[in-house]
Amino acid sequence: MWPFFSQLKFDIKRLFIRNFSFLFFSLLMPAGFYLVFTKIMITGTGDQVQKFNLTYMGSMIIYSGIISAIFGIASLLKVDRDIGFLCFLQLTPHKTKYYYCSLYTLIILINLIAVIILQALAVLLNGVKIDFYQIMLSMIVVIIGQLPMVLLGTCLSYLKKQETLNVVSNLIVFPLAIVSGLWWPLTIMPDWIQKIGKLMPTFFANDLLSAILLGNKIKLTNLIGMIIWIILGVIGVITVINSYQKQGTRV
């Protein structure tokens with residue numbers, strides 16, 4: 001396990017210490033959105049406000065996961081592949097297994113930190129009540145719900161040009177947040193957008209997280225939806241890797 005922890009230490013330095021912009025967009029921007037929308041732009045009765053404070057907290061947690069997975073994983077993998085770091089690791093005894101495990105662990109850890117930050121803001125500034133059971137379930141949902149995004153980010157990292165990756169990432173992250181109802185209620189969208197949004201992995205994760213935070217019944221369709229997207233993501237990654245291997249390219 002020592003090689004894994006060595007790789008983890010190396011990745012922590014470049015993700016947490018030397019990359020403030022990544023932490024800003026992954027952690028501070030969702031927290032800022034949460035404060036703006038819950039402190040400035042929300043009106044209604046006490047119960048309505050409390051419900052919104054809880055559900056919007058969940059939405060920003062999922063949004064943080066999208067940013068860290070798409071912008072984080074995709075960009076890091078591509079840069080490391082382009083500079084030859086992955087080729088170097090292929091020559092070591094452990095090859096790239098600890099590298100991938102380390103990156104995926106850190107991306108999920110960043111999203112769990114976002115859970116803690118947003119829940120702390122909700123409790124301390126908005127007075128919402130969250131018990132230990134809800135916190136633990138929230139973290140489990142966040143881990144499972146982020147897997148499709150991590151797999152998608154892995155697929156995107158194989159795009160040939162960094163410029164293309166940046167454009168595609170932006171075209172995915174922000175529209176996905178909108179159609180999934182993370183920024184605004186999905187009910188205000190046209191019917192055709194609602195139908196598309198309710199098929200997205202982020203919608204399943206957000207709806208499941210909202211049910212846990214509000215103490216509502218968990219819908220089995222949300223769990224099934226996330227599992228289907230994880231399977232599709234695994235198939236996508238395998239397909240992309242096989243395509244690169246046929247071209248004689250290091251993965």
Side-chain angles (χ1 to χ4, degrees), residues 25-26 29-34 36-38 41-42 44 48-49 51-74 107-108 111 114-115 118 122 137-156 165-237:
F25 286 109
S26 298
M29 190 168 73
F33 280 154
Y34 179 73
V36 168
F37 277 87
T38 58
M41 302 182 66
I42 184 64
Q48 291 173 334
V49 170
K51 181 179 179 180
F52 178 81
N53 289 340
L54 276 170
T55 56
Y56 201 70
M57 176 191 70
S59 295
M60 289 300 98
I61 289 173
I62 302 300
Y63 179 55
S64 172
I66 300 175
I67 294 177
S68 59
I70 301 298
F71 288 116
I73 281 290
I107 290 299
I108 292 175
N111 205 194
V115 173
L118 286 162
L137 277 183
S138 297
M139 291 188 172
I140 293 173
V141 169
V142 164
I143 293 173
I144 298 174
Q146 196 180 21
L147 291 179
M149 295 295 99
V150 169
L151 294 168
L152 176 58
T154 303
C155 291
L156 293 177
L165 174 59
N166 293 338
V167 172
V168 172
S169 297
N170 280 287
L171 289 176
I172 290 176
V173 170
F174 300 110
L176 185 61
I178 293 172
V179 301
S180 300
L182 301 183
W183 285 354
W184 302 285
L186 198 58
T187 52
I188 69 174
M189 305 291 178
D191 289 341
W192 65 274
I193 292 183
Q194 292 187 40
K195 291 178 181 178
I196 295 174
K198 290 179 180 179
L199 296 175
M200 296 295 102
T202 42
F203 172 82
F204 294 129
N206 186 45
D207 198 48
L208 183 57
L209 189 56
S210 295
I212 292 171
L213 294 173
L214 295 175
N216 297 334
K217 184 178 180 180
I218 294 176
K219 297 179 182 178
L220 184 60
T221 53
N222 290 328
L223 293 172
I224 295 174
M226 287 196 296
I227 292 172
I228 291 174
W229 273 103
I230 291 172
I231 294 173
L232 291 175
V234 171
I235 293 173
V237 170

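- Across all their heavy atoms, Met226 and Gly145 have their closest contact at SD-CA, 3.7 Å.
- Between the CG atom of Leu171 and the CG atom of Asn166 there is a distance of 11.0 Å, given to the nearest 0.5 Å.
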For this session: Begin from the C-alpha positions of Trp229 and Met200 and carry the test side-chain contact (heavy atoms from CB on, under 4.5 Å) through to its verdict.
Result: CA-CA 8 Å; Trp229 273 103; Met200 296 295 102; 4.2 Å; yes

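- Using a 4.5 Å heavy-atom cutoff, the side chains of Leu213 and Thr55 are not in contact.
- Summarising the geometry, atom CG belonging to Asn111 is positioned 5.0 Å from atom OG belonging to Ser68; distances are rounded to the nearest 0.5 Å.
- Rounding to the nearest 0.5 Å gives a distance of 11.5 Å between CD1 of Ile67 and CD1 of Ile107.
- Considering all non-hydrogen atoms of both residues, Gln194 and Met189 come closest at NE2-O, 2.8 Å.
- The shortest non-hydrogen separation linking Ile62 to Ala205 is CD1-CB, 3.8 Å.
- The aromatic rings of Phe33 and Tyr63 lie tilted to each other, with the angle between the two planes from 30° to 60°.
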For this session: Kindly indicate, with the supporting measurements, whether the criterion side-chain contact (heavy atoms from CB on, under 4.5 Å) is fulfilled by Tyr56 and Lys51.
Result: CA-CA 8 Å; Tyr56 201 70; Lys51 181 179 179 180; over 6 Å; no

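- Shown here for Leu151 and Val234, the closest heavy-atom pair between the two residues is CD1-N, 3.6 Å.
- Inter-residue side-chain proximity for Leu182 and Ile66 is flagged as met; some heavy-atom pair is nearer than 4.5 Å.
- For the pair Pro185 and Ile188, the tightest heavy-atom approach, listed with the atom from each and the gap, is O-CG1, 3.1 Å.
- Remark: the backbone N or O of Gly58 is not paired with any side-chain donor or acceptor of Tyr34 at under 3.5 angstrom.
- Annotation: side-chain hydrogen bond (donor to acceptor under 3.5 Å, both in side chains) contacts involving residues 197-213, sequence neighbours excluded, comprise Ser59-Asn206, Ser180-Thr202, Asp207-Asn222.
- Side-chain contact between Ile178 and Ile193 is absent, with no heavy atoms from C-beta onward closer than 4.5 Å.
- Leu208 CG to Leu220 CG: the interatomic distance, rounded to the nearest 0.5 Å, is 10.5 Å.
- In this structure, CG in Leu209 is found 10.0 Å from CD1 in Ile218, a value given to the nearest 0.5 Å.
- A distance-only check finds no donor-acceptor pair linking the side chain of Ser26 to the backbone of Ser64 [under 3.5 Å].
- Summarising the geometry of Leu118 relative to Ala31, their closest heavy-atom pair is CD2-CA, 3.7 Å, with the distance given to 0.1 Å.
- Looking at heavy atoms from C-beta onward, Gln146 lies in side-chain contact with Ile108 at the 4.5 angstrom threshold.
- Aromatic ring pairs are classed by plane angle as parallel below 30°, tilted from 30° to 60° and perpendicular above 60°; the pair Phe71 and Phe174 is tilted.
- For the pair Ile172 and Leu156, the minimum side-chain heavy-atom distance is below 4.5 Å.
- Phe204 has its side chain out of reach of Lys219: every pair of non-hydrogen atoms, C-beta onward, lies at least 4.5 Å apart.
- A distance of 12.0 Å separates OG of Ser169 from CD1 of Ile73, quoted to the nearest 0.5 Å.
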